[in-house]
Amino acid sequence: MRILIVEDERRLAETLADILTQNRDLADLCYDGRRGLDNALSGIYDAVILDVMLPGMDGFEVLRRLRESGNATPVLMLTARSALGDKISGLDTGADYYLTKPFETAELLACLRAITRRGGELRPEELEFGDVTVRLATSELVCRRRSVRLGAKELELIRLLIANRGILLSKESIYLKIWGYDSETEDRIVEVYISFLRKKLEHIGSQVKISVVRRIGYRLEAPE
Ligand code: CA
């Protein structure tokens, strides 16, 4: 699973990332609310671990905006505050679970398993855009009777483009969301993967295009 951690206490954030990595999950870190929201909105995460007290925008606001935009990614709220009022507020805004600090590793992993199982029922098995269907379970790109298998990064890229339909995504933002902040590859890799995806769309005879707006970014387009 790929999990987003939004937590401003860096040591805790890194500990969480270590726990997830040891559990063979992928973890991305954000240290403030605004960046956390921006990343969570990409729709590429299986779950979000969200702190309440954050600089920029607090966790409740991040969650409220995320749900308002129709994003149903399972969210585990994390906080030092154990007041009942917070718990109710978190659940009202659409948090799937509420964990108070400090917590045990086993408790955290059990919560994540629980919310992602529930999330699995909400998450579609297929994404559609124009004449194209993405089968998430088998990583297939399908158009009518033709299909092609996608690599892991290609699948993330098409998910990101579909989740942001109609919106121009900059090369930098695609790079950060898919390859991450501490990646050792160069952002030129985005162009390489865009061209892989274009070839695959062409191969299955799809009318869907990835248009590029010079200096601004990429956008998925389908003829009406
Ligand atoms: Ca905090």
Side-chain angles (χ1 to χ4, degrees), residues 1-120 122-123 156 160 163-164 169-170 172-183:
M1 292 194 296
R2 183 159 185 170
I3 294 162
L4 177 67
I5 300 166
V6 190
E7 166 64 77
D8 60 316
E9 289 163 55
R10 290 186 183 237
R11 195 179 288 177
L12 176 59
E14 276 150 27
T15 305
L16 285 168
D18 285 345
I19 293 172
L20 295 177
T21 311
Q22 279 163 24
N23 197 45
R24 277 182 259 160
D25 291 314
L26 291 171
D28 288 340
L29 298 175
C30 282
Y31 306 112
D32 71 80
R34 284 182 193 284
R35 192 164 287 183
L37 175 64
D38 186 43
N39 276 271
L41 283 171
S42 69
I44 63 171
Y45 293 100
D46 298 295
V48 179
I49 298 177
L50 180 63
D51 187 28
V52 169
M53 299 295 284
L54 288 166
M57 186 188 294
D58 76 33
F60 292 133
E61 185 62 18
V62 171
L63 182 59
R64 196 183 61 75
R65 294 198 191 185
L66 192 65
R67 294 298 184 239
E68 223 172 57
S69 79
N71 182 306
T73 307
V75 171
L76 171 61
M77 294 289 274
L78 214 59
T79 187
R81 294 192 296 186
S82 50
L84 188 63
D86 278 1
K87 290 202 177 184
I88 291 166
S89 179
L91 294 170
D92 278 354
T93 343
D96 296 280
Y97 203 88
Y98 205 104
L99 197 58
T100 46
K101 302 173 194 170
F103 47 82
E104 299 294 328
T105 301
E107 192 185 5
L108 173 80
L109 293 176
C111 280
L112 277 176
R113 273 197 302 275
I115 65 167
T116 49
R117 252 203 311 275
R118 233 186 307 156
L122 295 172
R123 267 202 311 277
E156 284 189 45
L160 183 65
N164 292 279
L169 279 172
S170 72
E172 291 73 24
S173 131
I174 294 174
Y175 179 73
L176 289 177
K177 282 172 177 144
I178 296 183
W179 281 271
Y181 291 89
D182 48 7
S183 165

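Order of listing sets the numbers, starting from 1, for every ligand and every atom in it. None of the values given here were measured: they were computed from a predicted structure.
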[X] versus [Y]: any side-chain heavy-atom pair under 4.5 Å?
X    : Y    : value
L109 : N23  : yes
L20  : L112 : yes
D46  : D25  : no
V75  : R67  : yes

When you check the gap from the basic side-chain N to the acidic O, do E68 and R65 get nearer than 4.0 Å? no

Quick check for you: within a radius under 3.0 Å, how many protein N, O or S atoms neighbour the Ca ion (ligand 1)? 3

Using only heavy-atom distances, determine whether the side chains of S69 and N71 contain a donor-acceptor pair under 3.5 Å. no

